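What you see is a predicted model, and the numbers here were worked out from it, not measured in a lab. Each chain gets a letter, A, B and so on, in the order its sequence line appears, and its residues count up from 1.
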Amino acid sequence: MAFEYEKWLRPGKLPHIWCPGCGHGIVMKGLIRALDTLQLKKEETAIVSGIGCASRLPGYMDCCTLHTAHGRAAAFATGVKMARPEMNVILCGGDGDGTAIGGNHFIHACRRNIDMTYIIMNNMIYGMTGGQFSPCTPTGAKASTTPYGNPDPGFDIAKLAIGAGASFVARGTAFHANQIDKLIVEAIQHKGFSVVEILDDCPTTYGRRNKYKSVIEMMNRLKDIAVPVKAAEKMDPEQLKGKVLTGVLYKEDKPEYCEQYKAVIERAQGAAR
Amino acid sequence: MEKKLPTIEVIEKYCKGCHICVEFCPTKVLEMQGFVVGVKNLEACIKCMQCELRCPDFAIKVTA
């Protein structure tokens, strides 16, 4: 039987607004398969996003959704999780929303290790606002605000998340579609702040300016640069030049924030008596 | 015994013609028919479901 994506989609919302060949749709399908695998209840699943192309995702999903201010998804989601710790809170957004405008919220959510899952769709550009360069745009790439090439080096979101204290970090690509749901399942099951970075393509604002002739070329690029973590262990640093590791990059058991906060409340109530 | 063929349903209203399914089909079952994708050679289908997985627009459904 074909997979029934419709049961997690709001009726009448398709076709979605994403451009032809945009990988966000592939990520949304991966998320739906992951939610279905885990058999989560719709009333106990909250999807929170900021502003941007990738942040349009909750608009199509049939569960508790929250579309918030630019970059502030982590702040709103922390509120949801603190008020209702039984909820499965999933954040989603793009690279600009998550690491530039919401950079501070992102690193502090990682530091707190609150039990949420952040899916960052990294298409290396601000797609919705007209192709401005984002913190993940690679050096030398062209964007509408860097027509002669971007002088800045790009962020490595996975390393940033590990450095900031996230307890689960994974990376996948939109090309490797059957890996996405497995990574998201593992991230949701992990207790603590989980970051799943999905490398994505933006044919309209990134591909067009950077001499990618078609969506297929952008997808082939994702196919070429991705190296699974296990395969990378056997490779030399020379072979890994220009490659990106995919799979589960980091996993650690750490105290979770909601439980820590509950302990603080109990201590305070004990002291008051 | 005759091989049981899968059915590949293309929802034309959703298809945006991005070519991803056509290009990455390992046995070249699909082709572009004008703006939207169509089934060219159903006998070659190996039910790998890659077209359904990679379609960003929810436009392909493969029933094995």
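Listed for the A:Lys29 side chain is a donor-acceptor partner under 3.5 Å among the backbone atoms of B:Cys55. With hydrogens and angles disregarded, no donor-acceptor distance shorter than 3.5 Å links the side chain of A:Ser194 to the backbone of A:Ile188.
Heavy atoms of A:Ile32 lying under 4.5 Å from chain B belong exclusively to its side chain. Residue B:Glu9 does not touch chain A at all, counting heavy-atom pairs closer than 4.5 Å. At a 4.5 Å heavy-atom cutoff, A:Ile180 makes no contact with chain B through either its backbone or its side chain.
Side-chain atoms of A:Thr65 and A:Arg10 form a donor-acceptor pair, as typed in the model, at a separation below 3.5 Å.
The side-chain heavy atoms of A:Val248 and A:Glu186, taken from C-beta on, include a pair separated by under 4.5 Å. Taking 4.5 Å as the limit, some side-chain heavy atom of A:Thr173 sits within range of a side-chain heavy atom of A:His176.
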**OP:** Please test A:Trp8 against A:Phe3 for ring-ring contact (aromatic ring centres under 6.0 Å, His included), starting from the C-alpha separation and ending with a verdict.
**Re:** CA-CA 11 Å; A:Trp8 280 92; A:Phe3 188 86; 9.9 Å; no
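Taking the six-membered ring wherever Trp is involved, the centroid distance between the rings of B:Phe58 and B:Tyr14 does not fall below 6.0 Å.
Interatomic distance, B:Cys25 SG to B:Glu31 CD, rounded to the nearest 0.5 Å: 11.5 Å.
Ranked by non-hydrogen atom pairs under 4.5 Å with chain B, the options A:Ala177, A:Ser214, A:Gly21 are led by A:Gly21.
Within residues 116-136 of chain A, no residue has any heavy atom under 4.5 Å from a heavy atom of chain B.
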